[in-house]
Amino acid sequence: MDFNRIKEKLNILADAAKYDVSCSSSGSNRTNKNNGLGNTGNGICHSYTEDGRCVSLLKILLTNHCIFDCAYCVTRKSNDIQRAAFKIQEVVDLTINFYRRNYIEGLFLSSGIFKSADHTMERLIAVAKKLREEENFNGYIHLKSIPGASDELMYEAGLYADRLSVNIEIPTISGLKLLAPDKNHADFIKPMLKVKNEIIRYKEEKKIIKHTAKYAPAGQSTQMIVGATGESDKDIMYSATHFYKNYNMKRVYYSGYVPISMDSRLPSLGTEVPMLRENRLYQTDWLLRFYGFSVNEILDADNPNLDMDIDPKLMWALRNLNFFPVDINKADKHMLARIPGVGMGSVNKILNGRKFRKLDWDHLKKMGVALNRAKFFIICNSTDWERRDLDAARIRSMILQNSKSKFKNQYTNQLSLFN
Ligand code: SF4
């Protein structure tokens with residue numbers, strides 16, 4: 001093996017893969033069997049870089065050659081960059097060697113499209129198949145689904161991978177047409193639909209036949225680029241909701257656009273990556289999935305974008321002061337979850353704690369409630385802090401005066417191009 005060449009390929013193909021953020025390795029429980037290598041139990045750990053990107057997996061492209069020319073992608077065919085391609089066995093060897101050295105918990109393998117969608121998908125599957133069948137590897141494998149790959153290949157991919165993902169990339173069909181004219185929206189949908197249906201079929205079969213093989217046990221995910229086109233946060237969250245609902249997505253990831261070239265269709269070079277916007281979208285996603293909110297409560301025609309200064313739950317609460325104050329000792333779970341500064345962990349502690357005593361500010365503080373926000377919206381068993389004479393603007397300003405944001409200095413308005 002030519003180690004210098006492998007190292008060179010690794011540098012190129014790991015660097016090209018860093019723009020894909022859809023690589024959380026949660027949700028699978030493949031156990032070690034036949035004295036094999038690794039497992040994906042709940043103890044699998046994740047490492048995240050400071051900007052929130054996952055680094056616990058060997059995250060690489062099989063190749064950065066691509067026949068397509070998507071404007072937002074560093075790998076696109078018209079970009080003058082160094083190209084490389086791994087052989088199938090090279091990726092297998094790297095994964096096994098890195099796993100044995102404890103550098104990684106698994107593999108995240110994506111690829112540019114070379115020759116055709118099916119040809120590329122076949123090679124991705126070949127890596128996963130070799131790892132599972134020849135190396136007896138039970139660690140985590142996340143394979144990218146290549147848009148347009150055949151149903152047969154998507155079926156096979158799910159037999160070896162823990163998670164599959166096809167990145168929708170641009171949240172709207174019109175945006176996709178503008179920036180990725182080679183791509184067809186239907187080519188993304190087809191593999192998603194196949195994977196969704198197979199996951200359901202395998203789950204049903206497992207209820208009857210206990211030893212049914214696993215099919216993509218960690219489900220499927222997708223990623224949307226934020227800030228490359230002029231979509232509003234409302235557009236993005238409606239699109240995400242569509243994918244959660246219709247394709248049983250485990251996760252939708254939001255990736256702030258990183259300007260990589262001069263193109264009149266895109267934000268100019270030097271425009272900052274919209275990290276704060278990305279974070280606010282994740283917060284909204286969380287509210288939709290776990291806190292009982294719907295998109296139209298947070299974002300509507302009058303408010304199509306999230307407030308970058310305050311979190312989306314606070315944004316909603318300030319527009320709906322008529323629901324507040326909420327009595328912590330009486331409110332139901334649904335309403336407790338809507339109080340700014342109260343997470344689901346605290347909601348459960350409140351429900352439990354109030355069975356034994358009336359809760360006051362001290363109790364709430366010990367339960368992890370962020371009182372700097374919550375105190376404006378609740379009543380508890382104490383009148384030490386009581387001010388009901390404040391309007392939304394005043395509450396907002398008092399909260400902002402006392403808050404620090406780790407993003408404060410990083411954010412600039414990425415969408416200035418479109419204003
Ligand atoms: S098909 Fe994928 S790898 Fe190729 S240019 Fe488009 S986004 Fe990049």
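For ligands, and for the atoms within them, numbers begin at 1 and follow the listed sequence. What you see is a predicted model, and the numbers here were worked out from it, not measured in a lab.
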So does [X] pair up with [Y], basic N to acidic O under 4.0 Å?
| X | Y | answer |
| --- | --- | --- |
| Glu204 | Arg201 | no |
| Lys190 | Asp187 | no |
| Arg338 | Glu297 | yes |

Check the angle between the aromatic planes of Phe323 and Trp316 and answer parallel, tilted or perpendicular using the 30° and 60° thresholds.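 Rings of Phe323 and Trp316: parallel, as their planes differ by under 30°.
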So, Arg123 and Thr63: side-chain donor and acceptor under 3.5 Å apart, yes or no?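 Distance-only check fails for Arg123 and Thr63.
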By residue and atom, what protein N/O/S atoms are less than 2.8 Å from atom 4 (Fe) of ligand 1?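 Under 2.8 Å from atom 4 (Fe) of ligand 1 - ignoring waters, which are not counted - the protein N, O or S atoms are Cys66 SG.
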Among all protein heavy atoms in this structure, tell me which lies nearest to atom 2 (Fe) of ligand 1, with the distance rounded to 0.1 Å.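 Nearest neighbour among protein heavy atoms for atom 2 (Fe) of ligand 1, to 0.1 Å: Lys183 NZ, 3.8 Å.
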For Ala71, does its backbone N or O pair with a side-chain atom of Asp263 as donor and acceptor, under 3.5 Å?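 Answer holds: no.
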